[in-house]
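These notes concern the structure reproduced below.
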Amino acid sequence: MDSIRLPSLHHPLGDDMVVDPSHASTVAASFAHVLLYEEVMNAAAIRAKVVAGDEAVPACVLVNPSLVLGGFQVAAAVARACMSQRQATMRTKTLHSEVLFALSPTLNITDSMKLFGVADSATAVLAIVLADGDLDAEVLTRLDELIDGKRASSEHAIYSKADVQQIEKVRMLFFFPVCGLHRASSMKVNELRLFPLLCAGQVYKLKGLQNPSRDALMNLVSGVIATKGYL
């Protein structure tokens with residue numbers, strides 16, 4: 001298990017800013033506990049329970065581990081989701097689904113859930129549990145009961161399922177020709193939403209990072225999480 005201490009979230013107010021007091025309280029999540037389940041046999045059943053809101057699913061985020069490079073990416077997504085919750089700007093219904101949305105480069109909620117959620121054919125599942133402190137033993141027991149698989153015991157193995165090629169493909173970093181503003185005029189609405197991300201990817205490509213290191217890709221992925229919706 002990887003236990004990530006989350007950053008404190010501050011919201012300095014300018015003279016012209018007014019925040020609804022009901023949304024100004026500090027989010028009660030100081031840690032993100034990340035667990036990897038391998039050799040999963042019941043992914044389709046898990047996904048069905050998540051979609052149905054089944055009570056058998058504990059309060060957590062279940063993620064496709066092949067798209068998660070490391071703890072910093074998780075911390076960035078959780079922090080972004082918590083900030084959205086605090087500012088009452090969440091695009092999804094719950095904090096946990098907001099984390100999934102934050103992990104994805106697209107602004108389409110349905111596509112985000114499909115990309116980063118658990119697929120029916122998945123053989124590995126990454127579970128992210130938000131907590132004030134240590135991981136609750138009851139939540140861990142419920143996860144073990146929900147997921148028919150083997151929980152990774154080594155912290156170093158948690159992010160071992162990351163597939164750099166798949167991440168590059170999903171982020172669309174290196175699969176497009178150099179794009180200029182002239183291309184935006186002919187883009188469809190869905191493409192326009194991704195235009196800033198395509199351009200960001202081309203910056204890395206032009207710098208000769210067609211085969212980026214894991215750290216370089218982590219920097220870009222985390223940057224996309226932080227700026228999503230603002231560019």
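Within a 6.0 Å sphere centred on CG of Asp134, heavy atoms belonging to other residues, nucleotides or ligands number 12 at most. Residue Arg47 qualifies as open at atom CZ: its count of foreign heavy atoms under 6.0 Å is 12 or below.
Taking OG from Ser112 and CG from Leu100, the interatomic distance works out to 8.0 Å, rounded to the nearest 0.5 Å. From Leu103, atom CG reaches atom CG of Leu115 across 11.0 Å, with rounding to the nearest 0.5 Å. Taken to the nearest 0.5 Å, the CZ atom of Phe31 stands 9.5 Å off from the CG atom of Asp132. A distance of 12.0 Å separates OG in Ser104 from NZ in Lys114, rounded to the nearest 0.5 Å.
Between the side chains of Thr92 and Glu98, at least one donor N or O lies within less than 3.5 Å of an accepting N or O. There is a side-chain donor-acceptor pair under 3.5 Å between Asn64 and Ser66.
The two atoms that bring Asn108 and Asp111 nearest to each other are OD1-N, 2.9 Å, heavy atoms only. Scanning all heavy atoms of the two residues, the minimum distance from Ala162 to Arg214 falls at CB-NH2, 3.5 Å. Closest of all the heavy-atom pairs between Arg91 and Ile109 is O-CD1, 3.1 Å. Shown here for Gly133 and His33, the closest heavy-atom pair between the two residues is O-NE2, 2.6 Å.
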task: Decide yes or no on side chain to side chain contact (heavy atoms under 4.5 Å, CB included) for Tyr159 and Val34, but give the supporting numbers first.
output: CA-CA 9 Å; Tyr159 307 107; Val34 187; 3.7 Å; yes

Audit row: Ile167, Leu69, side chain to side chain contact (heavy atoms under 4.5 Å, CB included) steps and yes/no: CA-CA 9 Å; Ile167 291 171; Leu69 283 164; 3.6 Å; yes

task: Would you check, one step at a time, whether the test side chain to side chain contact (heavy atoms under 4.5 Å, CB included) holds for Val164 with Leu217?
output: CA-CA 8 Å; Val164 171; Leu217 190 56; 3.8 Å; yes

Evaluation steps, side chain to side chain contact (heavy atoms under 4.5 Å, CB included), between Lys228 and Phe101: CA-CA 10 Å; Lys228 178 180 177 179; Phe101 179 65; 3.5 Å; yes

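Two residues are said to be in side-chain contact when any heavy atoms from C-beta on lie closer than 4.5 Å; Arg151 and Leu140 meet this criterion. Residues Ser84 and Thr89 have side chains in contact (heavy-atom distance under 4.5 Å, counting atoms from C-beta outward). The side-chain heavy atoms of Glu155 and Met1, taken from C-beta on, include no pair separated by under 4.5 Å. Put simply, the side chain of Cys82 reaches to within 4.5 Å of the side chain of Leu95, judged on heavy atoms.
Hydrophobic clustering, with ILVMFWY side chains joined whenever heavy atoms are under 4.5 angstrom apart, groups Phe116 together with Leu126. Residue Leu62 is not grouped with residue Val99 when hydrophobic side chains (ILVMFWY) are merged at heavy-atom distances under 4.5 angstrom, including chains of intermediate members. Grouping the Ile, Leu, Val, Met, Phe, Trp and Tyr side chains by contacts below 4.5 angstrom, directly or via other members, places Met113 with Ile225. At a threshold of 4.5 Å between side-chain heavy atoms, the hydrophobic network of Ile, Leu, Val, Met, Phe, Trp and Tyr places Ile4 and Phe72 in one connected group. A single hydrophobic cluster is seen to contain both Met218 and Leu67, as judged by linkage of ILVMFWY side chains at heavy-atom distances under 4.5 Å, directly or through other members.
Residue Val74 is tested with Val63, Ile128, Asp2 for a side-chain contact (heavy atoms from CB on, under 4.5 Å); the sole match is Ile128.
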Review item, side-chain donor-acceptor pairs of residues 49-61, under 3.5 Å, at least two apart:
residue: Asp54; atom: OD1; partner: Ala56; partner atom: N; Å: 2.7

Give the table of side-chain donor-acceptor pairs shorter than 3.5 Å for residues 36-45, with sequence neighbours excluded, one pair per line with atom names and distance.
residue: Tyr37; atom: OH; partner: Asp144; partner atom: OD1; Å: 2.6
residue: Glu38; atom: OE2; partner: Lys161; partner atom: NZ; Å: 3.3
residue: Asn42; atom: OD1; partner: Asp148; partner atom: N; Å: 3.0
residue: Asn42; atom: ND2; partner: Leu146; partner atom: O; Å: 2.9

